[in-house]
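Below is one structure, written out as structure tokens, with a few remarks after it.
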Amino acid sequence: MMQGGHYYGFHRVSHSDLPMLEAWLETPEVQKWWGDPRHELALIEEDMDNPDMVQLIGMLDGRPIAYIQHFEVHAWPQKHLQDLPQGARAVDCFIGIPSLIGKGHGAKLLAMLAKQLAAQGVRVLCIDPDPDNQRARSAYIRAGFVEHGEIETPEGPAVLMFYESPED
């Protein structure tokens, strides 16, 4: 999809993407919010065989720049998401190339994904960034998410944000 002079797209994560994902997870910005790169890479690799987890590489002009995963919230029960309706999906994402962080690409990729999921019938998409991750929160707002307050999760505080697609 062309936006602002750039082409954005997605492809499914494959085993050949793992070295790139490992390098991305080792960047300081990603480590700051995602934690231990080895642990996170192991989780990504483990989830590759799970049909409940959709793992994508976000593309900019044919170049991989981001990791995005989404899943039905009740497939991975989390107390702070338990009251969401069946079919609601949660998303996690990061830009893997430091020089492209803060340029608006994450917001465009996430907005594109949200619209695609809405077209497939997903009515609620949620994301729960760390309250201190203001850059991500701003990107999510630009992508159409709305903040619904701070919550406590087993991993610590988070801001619950929703993208709600209109009913047909």
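Worth saying up front: this structure is predicted, and the values here are computed from it rather than measured.
Partners of E22 under the side-chain hydrogen bond (donor to acceptor under 3.5 Å, both in side chains) rule, at least two apart in sequence or in another chain, do not exist in this structure. Applying the side chain to side chain contact (heavy atoms under 4.5 Å, CB included) test to Q86 and every residue at least two apart in sequence or in another chain returns E72, H74. Partners of W76 by ring pair (Phe, Tyr, Trp, His ring centres under 6.0 Å), not counting sequence neighbours, listed by chain and number: F71. For R63, the side chain to side chain contact (heavy atoms under 4.5 Å, CB included) partners are I65, I97, L100, not counting sequence neighbours. Every side-chain hydrogen bond (donor to acceptor under 3.5 Å, both in side chains) that S16 has, sequence neighbours left out, goes to S14. In this structure, H70 has no ring pair (Phe, Tyr, Trp, His ring centres under 6.0 Å) partners at least two apart in sequence or on a different chain.
Counting all heavy atoms, side chain and backbone alike, C93 lies closest to I127 at SG-CD1, 4.1 Å. Contact between V73 and C126 at its shortest, heavy atoms only, is CG1-SG, 4.0 Å. Taking each heavy atom of G9 and M112 in turn, the nearest pair found is CA-CE, 3.6 Å. Residues P157 and E152 share a closest heavy-atom pair of N-OE2, 3.4 Å.
In this structure, the ring of F94 has its center no less than 6.0 angstrom from the ring center of W33.
Between L56 and L109, every side-chain heavy-atom pair lies at or beyond the 4.5 Å cut-off. Within the 4.5 Å cutoff, the side chain of D17 has no heavy atoms near those of the Y67 side chain.
When hydrophobic clusters are built by joining Ile, Leu, Val, Met, Phe, Trp and Tyr residues whose side-chain heavy atoms come closer than 4.5 Å, directly or via intermediates, M161 is grouped together with L113.
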Which donor-acceptor pairs under 3.5 Å do side chains of residues 136-151 form with protein atoms, sequence neighbours excluded?
{"from": "R137", "atom 1": "NE", "to": "E147", "atom 2": "OE2", "distance (Å)": "2.8"}
{"from": "R137", "atom 1": "NH1", "to": "P131", "atom 2": "O", "distance (Å)": "2.6"}
{"from": "R137", "atom 1": "NH2", "to": "E147", "atom 2": "OE1", "distance (Å)": "3.0"}
{"from": "R137", "atom 1": "NH2", "to": "E147", "atom 2": "OE2", "distance (Å)": "3.2"}
{"from": "S138", "atom 1": "OG", "to": "Q134", "atom 2": "O", "distance (Å)": "3.1"}
{"from": "R142", "atom 1": "NH1", "to": "S138", "atom 2": "O", "distance (Å)": "3.4"}

Table please: side-chain donor-acceptor pairs of residues 77-85 below 3.5 Å, with sequence neighbours left out.
{"from": "H80", "atom 1": "NE2", "to": "D128", "atom 2": "OD2", "distance (Å)": "2.7"}

In residues 37-52, what donor-acceptor pairs under 3.5 Å come from side-chain atoms, sequence neighbours left out?
{"from": "N50", "atom 1": "OD1", "to": "D52", "atom 2": "N", "distance (Å)": "2.8"}

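Among residues at least two apart or in separate chains, ring-ring contact (aromatic ring centres under 6.0 Å, His included) pairs with a member in residues 100-124 are H6-H105, Y8-H105.
Under the 3.5 Å distance criterion, the side-chain polar atoms of E164 are left unmatched by any main-chain donor or acceptor of V124.
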